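This one's a predicted model, so the numbers in the text were calculated from it and none came from an experiment. Each chain gets a letter, A, B and so on, in the order its sequence line appears, and its residues count up from 1.
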Amino acid sequence: MSKKIRVRFAPSPTGGLHLGGVRTVLYNYLFAKKHQGHFILRIEDTDQSRYVAGAEEYIFSCLQWAGLEPDESPLHGGKYGPYRQSERKDNYRHYAEKLVNDGHAYYAFDTPEELDRMRHDFKTEQNPSPQYDHSIRMKMRNSLTLHAEDSKKMLEAGTAHVIRIKMPGSETVSFTDMIRGEVSFDTSVVDDKVLLKADGMPTYHLAVVVDDYLMKISHAFRGEEWLPSAPVHILLWKYLFGLENMPQWAHLPLILGPNGKLSKRDGAKYGFPVFAMNWIDPVSKELTEGFKEKGFLPEAFINLLALLGWNDGTEQEIFSKEELIEKFSIERVHSGGAKFDYEKAKWFNHEWIKRSTSSSLQGPVKILLIQDGIDNINEVILSKVIGLVRDRCTLLTDFVQQSSFFFRAPDKYDLDAVKSKWNDDKKKFFQSFTKELNAIDNWESAFIEDGFKKLAAIQNIKPGELQLPFRIMLVGGKFGPPVFDIAAVLGKTEAIARISKALEVFAG
RNA sequence: GGCCCGUUCGUCUAAGGGUUAGGACACCACCCUUUCACGGUGGUGAUACGAGUUCGAAUCUCGUACGGGCUACCA
């Protein structure tokens, strides 16, 4: 109870950070903040063959964007460093050898070719993927089958070898998962996982246990894909540090794509992003779009992720980060996997945009407009514009279409919308309307509308038939906020100029 | 194949033995609006199947089916 809450997210820096990863970060973060604990980010880079340049920096950018920054990490420092496993290499061999000495592990000298042969030779219809396990290990080249002297000589000669855990022949290993309750495994069907690789680096299995111990991790949350190897970790804890010191486990349900587990490799093939932010593969230069660039607000992103597998038991769906911290509980996380629904994700974003203040939207929208080539942005006007179009934008990127015409006169008109009903009477109306507008001193939406309707009445034309042409003149298309509001924001000179220009286009 | 996990509307989910099985997204209709949205009202739509326990089961147990994950000197 008095134990300090310490949780960690331990990604391997091999590419983009996908939805499931961010949600794992989120749940860790929320749990830590709720219990005044620490959220640690540990880089699991023990596989040097999978090193990807820039991936670590990318992960930090994603967390920063999402507002889920760790308390301790390679970047933020902390008392339990280093936070990169490659820099902790020296820690692991000692523990692996202790396991060997205690009879819980052994040296194995099998070459990759020998392992392949084993898999091939023992493959049967009943057992399509044979494992290096208790039934096989006595047929392989390891310190269990070799004479002690021979093993020793090989080790001294520097023969390539790994250290494998010696799984008990028949034991039941069980533990209580915070989400699933009691889960048990029969050790006879778990293989002798490699703990220490030939290059001296630990595998995940050894590293996660040693580092969680050394970093005093109190609760370990990870994806459900780790459940099958949990018995290995439990046993390692038992042999090395004692079950009483083991963190509490919670295996999070998977986030599924249209066909099973969301895969990093599938990138944007689903028609929606899977990464938090744009990821450019350093080798292939291939770009995979992220939620950020797609136009998601970080608040919406974490909100929707939080609700994918968790709810607070009420009907509330929109939660700020602070509310999530207050209300989150790991016990209310679902045990079943959740299929990601992009439509609902967009709804969350829309809700957040509608609730955002104009000023908080201003920065990101301005950047988007500048990217679209608009350079004369007046901040006061932009703020008004955002207030006017906000309800119409589901993604941040929608602001470009919805507000660029405020800063740039249309160069194309939806002529189909006016042409068929266009006539001389309407043309005359707008010619007089231009003069009418010129006379307005109080340039506000209500006065413009008033003048418009009065003139329509005098000329005996239904105002409704004039509004659409007016809109096309100012906007270029059939969209946008109420047309008189647009005219008001545009200003007298610009509004009149657009009418005059459009009149020429319509005539031609 | 083996092991593990899971299964309530199309999707995300509520209901921890007693409800007309609730909400949200999406979809449909209507209202509002002579643009597009927002908003409002209503509607279609689910407990995988079979046994058992119980006065009573979506809820507990077992079996079956289906789905997913794992089965590397990757994490």
Side-chain angles (χ1 to χ4, degrees), chain A residues 10-14 44-47 49-50 85 108 110-112 115-116 119 123-133 160-164 177 179-180 183-186 188-191 193-205 207-208 222-231 251 253-254 256 258-261 304 307-318 334-348 350-351 354 389-394 398 401-402 414 417 462-468 470-472 475 477-483 486:
Chain A
S12 64
T14 53
E44 309 234 338
D45 57 349
T46 55
D47 186 354
S49 68
R50 293 214 302 166
Q85 286 181 334
D110 315 277
T111 62
L115 290 174
D116 279 347
R119 290 189 189 103
K123 187 171 176 174
T124 61
E125 207 151 289
Q126 284 76 33
N127 185 10
S129 39
Q131 307 188 106
Y132 199 123
D133 62 15
H161 66 277
V162 300
I163 293 179
R164 287 179 181 270
D177 186 278
I179 295 171
R180 289 152 217 283
V183 182
S184 22
F185 301 85
D186 184 343
S188 69
V189 295
V190 182
D191 63 331
K193 294 259 186 261
V194 169
L195 265 19
L196 199 74
K197 299 186 258 189
D199 65 1
M201 279 288 193
T203 59
Y204 172 83
H205 305 104
V208 72
R222 66 201 336 184
E224 191 187 343
E225 71 268 27
W226 290 108
L227 208 40
S229 52
H251 290 87
L254 263 16
L256 279 3
N259 346 286
K261 188 183 176 186
L304 72 93
L307 273 279
L308 212 51
W310 172 87
N311 72 83
D312 76 339
T314 72
E315 280 170 3
Q316 183 175 351
E317 296 199 87
I318 302 297
H334 261 262
S335 45
K339 199 175 285 181
F340 180 70
D341 180 0
Y342 188 50
E343 293 305 319
K344 183 99 184 210
K346 285 191 290 191
W347 173 80
F348 274 107
H350 194 183
E351 289 300 310
K354 285 191 290 184
V389 306
R390 187 175 38 206
D391 287 354
R392 274 156 254 261
C393 298
T394 297
D398 293 337
Q401 136 103 321
Q402 288 292 334
D414 183 353
K462 284 186 205 154
E465 289 188 25
L466 295 162
Q467 277 193 35
L468 187 58
F470 189 25
R471 168 176 300 280
I472 303 298
V475 178
K478 285 198 288 186
F479 60 90
V483 68
I486 296 173

Closest nucleotide among rC3(B), rG1(B), rC73(B) to the R119(A) side chain: rC73(B)

Between R164(A) and rC73(B), is there a side-chain N or O to OP1/OP2 distance below 4.0 Å? yes

If the C1' atom of rU59(B) is compared with that of rG52(B), how far apart are they to the nearest Å? 15 Å

Rounded P spacing from rC74(B) to rA15(B) in Å: 42 Å

Between rC12(B) and rA72(B) - C1' atom distance, rounded Å: 35 Å

Kindly say if K197(A) contacts the phosphate of rA75(B), meaning a side-chain N or O under 4.0 Å from OP1 or OP2. yes

May I ask you to verify if any side-chain N or O of R50(A) is less than 4.0 angstrom from the OP1 or OP2 atom of rA72(B)? no

Let's test this: given Watson-Crick or G-U wobble pairing with both distances under 3.5 Å, identify the partner of rG10(B). rC25(B)

Can you tell me the base-pairing partner of rC73(B)? Count Watson-Crick or G-U wobble geometry only, both distances below 3.5 Å, and say none if there is no partner. none

In terms of side-chain heavy atoms of P128(A), which of rG1(B), rC5(B), rU35(B) is nearest? rG1(B)

Output the distance between atom NE2 (H161(A)) and atom NZ (K197(A)), rounded to the nearest 0.5 Å. 14.0 Å

Are any of the side-chain nitrogens in K193(A) or D191(A) under 4.0 Å away from the carboxylate oxygens of its partner? yes

Check every atom of rG1(B), rG22(B), rG69(B) against the side chain of E315(A) and return the nucleotide holding the closest atom. rG22(B)

Compare side-chain N and O positions of T314(A) against OP1 and OP2 of rG23(B) and report whether any pair is under 4.0 Å apart. no

When you measure from the side chain of Q131(A), which nucleotide among rC73(B), rU71(B), rA75(B) comes out closest? rU71(B)

Look at N311(A) and rU13(B) and indicate whether a side-chain polar atom (N or O) is within less than 4.0 Å of OP1 or OP2. no

For the atom pair CG (D47(A)) and OH (Y204(A)), what is the distance rounded to the nearest 0.5 Å? 14.5 Å

Among rU35(B), rC73(B), rU7(B), which nucleotide has an atom closest to any side-chain atom of R392(A)? rU35(B)

Among rC73(B), rA14(B), rA24(B), the one nearest any side-chain atom of H334(A) is rA14(B)

With rounding to the closest Å, how many angstrom separate the C1' atoms on rA51(B) and rU11(B)? 31 Å

Which of rC5(B), rA75(B), rU35(B) is nearest the side chain of R180(A)? It is rC5(B)

With the side chain defined as heavy atoms from C-beta on, L256(A) is closest, among rG69(B), rG68(B), rG22(B), to rG68(B)

For rC38(B), give the paired nucleotide (Watson-Crick: N1-N3 plus N6-O4 or O6-N4; G-U: N1-O2 and O6-N3; both under 3.5 Å), or none. none

The nucleotide from rG22(B), rC70(B), rC25(B) with an atom nearest the side chain of W347(A) is rC25(B)

With rounding to whole Å, what would you report as the distance between rC32(B) and rC38(B) at their C1' atoms? 10 Å

Should rU54(B) form a Watson-Crick or G-U wobble pair with both distances under 3.5 Å, which nucleotide is its partner? none

Using atom C1' in both nucleotides, what's the gap between rA14(B) and rA24(B) to the nearest angstrom? 11 Å

The nucleotide from rC70(B), rC73(B), rC3(B) with an atom nearest the side chain of V162(A) is rC73(B)

